[in-house]
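To start, the structure itself, in structure tokens.
Reckoned from all heavy atoms, side chains included, excluding hydrogens, waters and symmetry mates.
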Amino acid sequence: MSAFSRAGHLLSGAAALMLGLAPESRAAEPVDIELVLAVDVSLSMSPAELEIQRRGYVAALTHDTVLQAIADGAYGKIAVTYVEWAGTTWQHVIVPWTVIANRADAERVVEQLAAHAPNSARRTSISGALQFGSDLFAESGFQGVKRVIDISGDGPNNQGAPVDIIRDELVKQGITINGLPLMTRSGFTSVYDVNYLDRYYTDCVIGGPGAFMIPVNEWTQFPEAIRRKLVLELAGPASPQWAADKAAHPPVVLAQDKPATDCQVGEKMWRDRSWMFDSR
């Protein structure tokens, strides 16, 4: 090839790149759901409670009903990441994005959870956890039919942006937020507790198509609550599993219910604190 021909060849290649004709990047892998499991590890949780949470997720992810719900999906697989959170700048990815299509996949996720003991940190920023979770979708490498953040916590937001504003921003992006309010009162109780955390989650935290929350009133309920929530998230409101769950349990409170709740209650409690033990 002559120098003139080589120059023309290089110029045509450069022009193709400028016109966006370069080979397409690898397409995202399709899955039924991209699921962020966002788990509260603020200092209000005792070490024993943190361990109960971990064991609950371990048992749920490998439970037959959950695995069957995954298999029944259009693609028969989901993508999951497990995140622990506390204050605005404290979010740790314990399990990066991983596909679960069968028991072996689920057990690999469980092995990663078992490899790291849970840690605690100060304050409770639900809004920070939601923002962090939403950013994770951009780097998942998957294309889910649904994108869901599944967030658990034992108190209201008391640090960072207002949680209802962040919730609304994520819902506009097509993200569904489901909740698991922990109303156990068996850990380190304080002036930051609210008696209506389930209503707070309903009005201020959850949102998006089919959003729901399942309250946990006793730690003995936690493993079953996690299993129920995962199955409902995977199945969807129109599924037989959803109908069977509603028949077997008290009705799940949906995001459309709108009793008045002060979404700034946690921030106000923090500002009005009369003691300096910065625990949540």
Side-chain angles (χ1 to χ4, degrees), residues 23-39 54 56-85 91-115 129-152 167 169-180 206-214 225-242 245 252 255:
E24 291 185 4
S25 59
R26 184 164 163 261
E29 182 179 351
V31 293
D32 291 301
I33 183 172
E34 295 172 71
L35 180 61
V36 176
L37 299 175
V39 181
R54 276 286 185 90
Y57 281 99
V58 164
L61 289 169
T62 54
H63 197 275
D64 287 342
T65 57
V66 174
L67 294 174
Q68 187 59 53
I70 294 172
D72 288 342
Y75 294 103
K77 57 185 176 180
I78 66 173
V80 174
T81 181
Y82 186 101
V83 178
E84 292 180 339
W85 61 272
Q91 300 93 21
H92 287 183
V93 175
I94 306 302
V95 179
W97 285 109
T98 305
V99 167
I100 298 180
N102 51 48
R103 182 173 296 278
D105 293 338
E107 288 176 350
R108 279 193 286 271
V109 171
V110 165
E111 288 174 3
Q112 292 181 74
L113 284 176
L130 292 178
Q131 288 176 306
F132 185 83
S134 69
D135 289 342
L136 291 176
F137 290 119
E139 60 190 53
S140 74
F142 299 97
Q143 183 64 50
V145 177
K146 297 187 293 184
R147 293 183 297 164
V148 177
I149 298 177
D150 181 339
I151 190 160
S152 65
R167 181 268 315 274
E169 290 179 359
L170 268 58
V171 169
K172 289 178 182 177
Q173 299 172 28
I175 297 170
T176 295
I177 303 163
N178 295 328
L180 193 76
I206 68 174
F212 66 93
M213 67 89 197
I214 297 178
I226 291 294
R227 286 196 301 271
R228 285 179 59 202
K229 191 137 84 71
L230 287 176
V231 169
L232 292 178
E233 284 164 341
L234 296 168
S239 68
Q241 292 96 325
W242 189 285
D245 184 86
V252 172

For T81, side-chain hydrogen bond (donor to acceptor under 3.5 Å, both in side chains) partners two or more places apart | none
What pairs meet the salt bridge (Lys or Arg N to Asp or Glu O under 4.0 Å) rule with one or both residues in residues 57-74, with sequence neighbours excluded?
-> D64-R103
Among V148, T176, L230, whose side-chain contact (heavy atoms from CB on, under 4.5 Å) with I33 holds?
-> V148
Where the side chain of D32 meets the backbone of I78, is there a donor-acceptor pair that is under 3.5 Å apart?
-> no
Separation between OG1 of T62 and CZ of R227, rounded to the nearest 0.5 Å = 9.5 Å
Worked verdict on V80 versus V95 for side-chain contact (heavy atoms from CB on, under 4.5 Å) = CA-CA 8 Å; V80 174; V95 179; over 6 Å; no
With sequence neighbours excluded, give me every side chain to side chain donor-acceptor pair (under 3.5 Å) pair touching residues 135-145.
-> E34-S140
Nearest 0.5 Å please: distance from the CG atom of L130 over to the CD1 atom of I149.
-> 5.5 Å
Any donor-acceptor pair under 3.5 Å linking the side chain of K146 with the backbone of E233?
-> yes
Any donor-acceptor N/O pair, R228 side chain to I214 backbone, under 3.5 Å | no
Reported CD1-to-OH distance for the pair I94 and Y57, which is rounded to 0.5 angstrom | 12.5 Å
Nearest heavy atoms of A225 and L180, plus distance in Å | CB-CD1, 4.0 Å
Of all the heavy-atom pairs spanning A79 and W97, show the shortest one and how long it is.
-> O-CZ3, 3.4 Å
Might you point out which heavy atoms bring N178 and I206 nearest each other, and give the distance in Å?
-> C-CG2, 3.8 Å
Would you say T98 and Y82 make side-chain contact, with heavy atoms under 4.5 Å?
-> no
Any chance you could measure N102, atom CG, to L67, atom CG, to the nearest 0.5 Å?
-> 8.0 Å
Does some side-chain heavy atom of F132 sit less than 4.5 Å from a side-chain heavy atom of V36?
-> no
Starting from the C-alpha separation in whole Å, work towards a yes-or-no answer on side-chain contact (heavy atoms from CB on, under 4.5 Å) for I70 and Y75.
-> CA-CA 9 Å; I70 294 172; Y75 294 103; over 6 Å; no
Shortest non-hydrogen contact between A211 and I177, atoms and distance | CB-O, 3.5 Å
Distance from S134 atom OG to L170 atom CG, nearest 0.5 Å?
-> 4.5 Å
Could you tell me the separation between the CG atom of L37 and the CD1 atom of I151, rounded to the nearest 0.5 Å?
-> 11.0 Å
What is the minimum heavy-atom distance between V99 and D105, and which atoms define it?
-> O-CB, 3.4 Å
Locate the shortest heavy-atom distance separating G56 from I226; write the atom from each residue and the value.
-> O-CG2, 4.0 Å
Of R54, Q91, H92, which is the lone residue that meets side-chain hydrogen bond (donor to acceptor under 3.5 Å, both in side chains) with E84?
-> R54
